[in-house]
Protein chains: 2
Amino acid sequence: MSKIRKDKTTEERILSAAKKIFVMKGMAGARMQDIADEAGINKALLHYYFKNKEKLFEVIFLEAAGKLFPKINEIFLADKPLFEKIESFCDEYITIVMENPYLPLFVLNEINQDPEYFLSKVWKGKNLPLPEKFLAQIEEEVAKGRIKRISPLHLLMNLISMTVFPFVAKPMFQKNLGLDELQFRSVMEQRKKEIPRFIIDAIKK
Amino acid sequence: MSKIRKDKTTEERILSAAKKIFVMKGMAGARMQDIADEAGINKALLHYYFKNKEKLFEVIFLEAAGKLFPKINEIFLADKPLFEKIESFCDEYITIVMENPYLPLFVLNEINQDPEYFLSKVWKGKNLPLPEKFLAQIEEEVAKGRIKRISPLHLLMNLISMTVFPFVAKPMFQKNLGLDELQFRSVMEQRKKEIPRFIIDAIKK
DNA sequence: ATCTTTGTTAACCATTTGGTTAAAAATGTC
DNA sequence: GACATTTTTAACCAAATGGTTAACAAAGAT
């Protein structure tokens with residue numbers, strides 16, 4: 001069979017549509033007929049290409065998680081000075097999530113539905129979290145007197161919280177603070193610099 | 001009709017069961033039969049007492065939001081020094097959410113499904129966000145030279161992010177950092193003090 | 001005790017949902 | 001062009017879902 005593909009294959013159209021609908025509605029709320037409509041195909045094709053809803057969902061979920069989790073592991077493992085790590089994490093992570101601001105909520109919500117199941121899928125070998133090096137790095141900076149005493153665990157939580165949560169709570173912040181879409185994006189761009197500055201101000205001696 | 005109630009009325013049992021199921025599964029994933037099973041009643045009673053799924057859901061959602069949103073408005077409006085506000089917000093908010101750690105994710109997820117609809121329900125008069133006073137307070141502290149230059153908006157985002165997000169991402173943090181249930185609770189207790197300390201270290205001159 | 005009102009039950013209903021099937025259409029191979 | 005394989009279609013299916021109904025039971029009012 002020839003491997004030459006013209007424009008979007010049916011499979012690609014399904015995946016693209018499924019991503020849109022699953023990210024918006026979640027597993028429980030998404031309807032196969034809606035995915036088929038979005039892809040412009042007959043619903044039976046979803047089963048021809050992906051067997052069932054669960055299999056299709058898994059592809060989408062793993063792709064989404066594959067965008068979010070390796071990046072966190074990257075700061076764990078990188079050989080860089082601490083402050084640089086913080087700066088590049090914020091910059092890169094916000095850039096990634098800005099391309100699809102609903103990803104974090106989607107992934108976190110599904111993980112909360114069945115943590116063991118979903119996290120085992122995500123961690124199947126490839127994205128195993130390895131925080132030890134990063135946490136040890138923070139301890140070392142404290143011991144060397146370069147930063148104030150702080151628990152590595154809390155520093156990590158603070159970093160990830162400030163970077164990700166505004167996306168999760170987007171409508172709430174928009175309404176609370178009177179931000180339209182453009183303004184929200186602008187604020188998140190600012191945060192690429194604001195968060196590292198805030199953190200470094202908090203821990204620098 | 002006598003208003004004397006013995007133990008749990010049927011209505012109370014429904015509400016209690018509905019809260020459990022809706023918070024766990026969300027609107028889309030919750031099943032009326034599951035709620036009835038949880039309450040130990042016949043499913044038809046759900047409609048006798050609450051007409052339909054949407055009406056029942058709304059009661060639960062508003063109750064949940066009513067736990068989370070007024071507290072945020074409280075820091076906006078309180079006549080207290082800034083640092084005290086930050087300290088008491090973290091302390092009280094974490095205490096509230098610890099009683100039901102899944103509330104933030106539940107409320108935020110539903111709001112993201114239809115922001116206009118849900119936020120208008122929440123803001124129907126009573127919980128209208130009034131951040132101006134708080135934001136002005138931060139500006140004043142900056143102008144008086146008591147804290148470093150910082151955008152009030154970012155400070156507010158940082159405060160709420162660090163307080164709430166660990167609950168939203170609970171399974172992820174547990175897995176990443178090897179925390180069992182007790183340890184997670186202990187970490188969140190620590191954060192009552194750690195977050196204000198971190199923030200104050202970041203902004204204090 | 002009688003009647004009215006409220007609460008409960010089990011059966012039922014129409015629609016929706018994820019999935020199946022067989023036939024037709026399209027594509028690939030020689 | 002003939003045959004094989006893959007893709008697509010429309011109809012169909014069983015189960016699940018939110019909701020309805022009528023009968024009965026319990027509680028309230030007089």
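Quick note: numbers below take in every heavy atom, side chains included, and nothing from hydrogens, waters or symmetry partners. Values in this document were obtained by computation on a predicted structure and should not be read as measured data.
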Indicate the ring-plane relationship of B:F106 and B:F61, choosing parallel, tilted or perpendicular according to the 30° and 60° boundaries.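 Rings of B:F106 and B:F61: perpendicular, as their planes differ by over 60°.
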In the structure I gave you, are the side-chain heavy atoms of A:M188 and A:F167 within less than 4.5 Å of one another anywhere?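 Contact flag for A:M188/A:F167 side chains = yes.
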Check the pair B:L15 / B:V59 against side-chain contact (heavy atoms from CB on, under 4.5 Å), numbers first and verdict last. CA-CA 8 Å; B:L15 287 173; B:V59 175; 3.7 Å; yes
Interface with DNA chain D, restricted to residues 28-40 of chain A and to heavy atoms under 4.0 Å: none
Which residues in residues 43-55 of chain A have at least one heavy atom lying under 4.0 Å from any atom of DNA chain D? A:A44, A:L45, A:Y48, A:Y49
Could you list the residues that satisfy salt bridge (Lys or Arg N to Asp or Glu O under 4.0 Å) with B:E63, not counting sequence neighbours? B:K67
Can you tell me the distance, in whole Å, between the [atom1] atom of [X] and the [atom2] atom of [N]?
X	N	atom1	atom2	answer
A:L56	C:dT17	CG	P	16 Å
A:I41	D:dA10	CD1	P	13 Å
A:K25	C:dT16	NZ	C1'	14 Å

Got a second to check how far B:S88's OG is from B:E84's CD, nearest 0.5 Å?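 Nearest 0.5 Å value for the OG-CD distance: 7.0 Å.
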Which pairs, protein N/O on one side and nucleotides 23-25 of chain D N/O on the other, fall under 3.5 Å?
none

Show which side-chain atoms of residues 128-140 of chain B pair as donor or acceptor with protein atoms under 3.5 Å away, not counting sequence neighbours.
| from | atom 1 | to | atom 2 | distance (Å) |
| --- | --- | --- | --- | --- |
| B:K133 | NZ | B:L77 | O | 2.9 |
| B:K133 | NZ | B:D79 | OD1 | 2.7 |
| B:Q137 | OE1 | B:K85 | NZ | 2.7 |
| B:Q137 | NE2 | B:K80 | O | 2.7 |
| B:E140 | OE2 | B:K144 | NZ | 3.1 |

Any side-chain N or O of A:T10 less than 4.0 Å from the OP1 or OP2 oxygen of D:dT7?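 It does not, given that no N or O in the side chain of A:T10 lies less than 4.0 Å from OP1 or OP2 of D:dT7.
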Residues in side-chain hydrogen bond (donor to acceptor under 3.5 Å, both in side chains) contact with A:N158, at least two apart in sequence or another chain: B:R191
